[in-house]
Amino acid sequence: MPETSAPQIHAVHSADHDAIAGLPWHLPLGEWPQDFLGGLPRGISRHVVRFVEIGDEVLAIKETDDRRALREFDILGVLGNLAVPTVEPRAYVTNRSTTSAMELPGALLTAYLNFSLPYRALFSRSLAADAADRLVDALAVLLARLHLVGFYWGDVSLSNTLFRRDADAYAAYVVDAETGELHDQLSDGQRQMDLRIARTNIAGDFLDLQAAGLIESTVDPMAAGERLFEAYNGLWRELTRVEEFSVNERWRIDERIRRLNDLGFDLGELTVTTDLDGVSLLVEPKVVEPNHHSRRLLRLTGIGANENQARTMLNDLDSHRSAPGFTGGAHGSGELPAELDEDQAARLWLDEVYKPLISAIPENLTHKLEPGQIFYEFVEHRRVMSRARQRDIPTMEAIAYFIVDYLSNLPDEALYVDSQKF
């Protein structure tokens with residue numbers, strides 16, 4: 001019998017090592033017994049991809065050669081450290097072989113992204129008419145964020161992306177980075193190459209959807225690629241362009257910052273250069289940080305949410321803060337005291353709106369949507385109810401109707417399981 005060596009398992013967390021070691025690495029991934037596998041929706045991939053349960057979580061396993069597994073593991077780790085939305089690398093496996101000593105490819109293990117779906121699974125559901133546009137817009141934002149940190153993707157597509165609901169939009173996450181390259185800064189040529197690849201791949205993604213009967217044959221696949229091109233270029237200009245103002249137009253700097261905030265970005269640094277004659281100001285954004293609303297919400301309330309979900313919560317907080325009787329029983333008078341600052345208002349909003357909603361969700365419904373999306377859907381449901389009844393709906397009444405009439409009828413999205421067999 002030929003001698004076989006044990007696979008080398010490199011895990012981020014030592015607690016995962018033994019559990020991962022217990023998987024049947026001596027078999028090609030496509031031949032693993034059904035007992036090890038989970039039926040989760042998969043996008044189109046050049047590699048064999050399967051899902052397994054390790055303890056209380058699900059890991060995605062992609063079969064690839066040893067060198068690529070290590071490289072992608074490192075790239076995903078760096079992107080995560082740079083706060084780019086991506087799947088979390090958990091381990092990579094090398095030195096695999098069968099019991100007869102035949103070499104097998106290596107493998108990359110990443111954490112399954114809860115409440116996320118590949119684009120084909122999304123289109124298998126009933127989506128709003130503009131869902132395709134919103135997916136492409138989400139990918140444009142992700143690509144801009146990648147380029148800001150110096151990452152050339154090299155294979156931009158809907159297939160290499162996972163999507164999570166973010167209020168009435170979507171948030172996009174990198175799920176396949178094996179073709180990517182990290183640089184200190186990208187050249188315009190590198191960015192344009194990524195865009196050209198994106199336009200071609202997205203057209204292919206939409207042709208695939210048409211072939212599967214998931215979108216109408218009248219949809220123009222090339223138009224989707226053009227939309228990404230336009231959305232990306234508009235965002236990139238806003239994030240990076242240098243502007244010149246007159247010295248008496250400093251208010252325009254504030255407007256520029258507000259526009260960036262509306263897009264979900266903050267300025268970490270702003271360089272302002274004054275001409276020798278003092279006539280004009282040259283404004284150049286140096287560091288652009290994403291997730292402005294998410295970080296503000298986290299600071300005020302401790303709630304982690306996607307960007308548009310956070311925007312909805314902050315808007316509701318501000319609206320609730322200005323309403324008569326906002327303070328409930330906390331201050332007795334029922335009037336908003338002048339000294340109530342933003343932090344105090346946030347604590348009261350948590351106690352009077354957010355926590356009552358989340359605590360009222362029955363345990364069997366907690367997997368329908370993530371908490372941030374639950375709150376967004378609640379706000380929209382309450383708004384529709386108020387309009388229909390032409391009155392404000394008290395919070396607890398609105399919560400009761402929301403749970404019974406809306407949330408209970410949604411499919412689970414925490415760990416979306418389909419009937420596909422491997």
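Computed from a prediction, not measured in an experiment: that's the story for all the values here.
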Using a cut-off of 6.0 Å, state whether more than 12 heavy atoms not belonging to Arg391 lie near its atom CZ.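 Atom CZ in Arg391 is crowded, with more than 12 foreign heavy atoms closer than 6.0 Å.
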With no hydrogens and no angle check, is any side-chain donor or acceptor of [X] less than 3.5 Å from a backbone partner on [Y]?
X	Y	answer
Asn160	Asp155	yes
Arg145	Ala83	yes
Glu72	Ala69	no
Glu63	Ala107	no
Trp25	Ile20	yes
Thr366	Pro362	no

Salt bridge check: are [X] and [Y] linked by an N-O gap of less than 4.0 Å?
X	Y	result
Arg71	Glu178	no
Glu103	Arg96	no
Glu57	Arg90	yes
Arg227	Glu230	no
Arg259	Asp262	no
Arg382	Asp316	yes
Glu397	Arg389	yes
Arg165	Glu370	no
Glu342	Arg347	no
Asp188	Arg191	yes

Of all the heavy-atom pairs spanning [X] and [Y], show the shortest one and how long it is.
X	Y	answer
Ala231	Ala140	CB-CB, 3.8 Å
Pro356	Leu350	CD-O, 3.7 Å
Glu380	Arg383	OE1-NH2, 2.7 Å
Ile374	Phe402	O-CZ, 3.7 Å
Asp194	Gly154	OD1-N, 2.8 Å
Val93	Pro7	CG1-CB, 3.9 Å

For the residue pair Phe375 and Tyr354, categorise the inter-ring angle as parallel (less than 30°), tilted (30 to 60°) or perpendicular (more than 60°).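 Tilted.
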For Leu76, run the side-chain contact (heavy atoms from CB on, under 4.5 Å) check against Val84, Val87, Val175, Asp176 and tell me which one passes.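 The side-chain contact (heavy atoms from CB on, under 4.5 Å) with Leu76 is passed solely by Val87 among Val84, Val87, Val175, Asp176.
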Looking at the rings of Trp236 and Phe229, which for Trp means the six-membered one, are their centres under 6.0 Å apart?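 No: the rings miss the under 6.0 Å criterion.
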Tell me if the aromatic rings of His367 and Phe115 count as close, with their centers under 6.0 Å from one another.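 Centroid separation for His367 and Phe115: 6.0 Å or greater.
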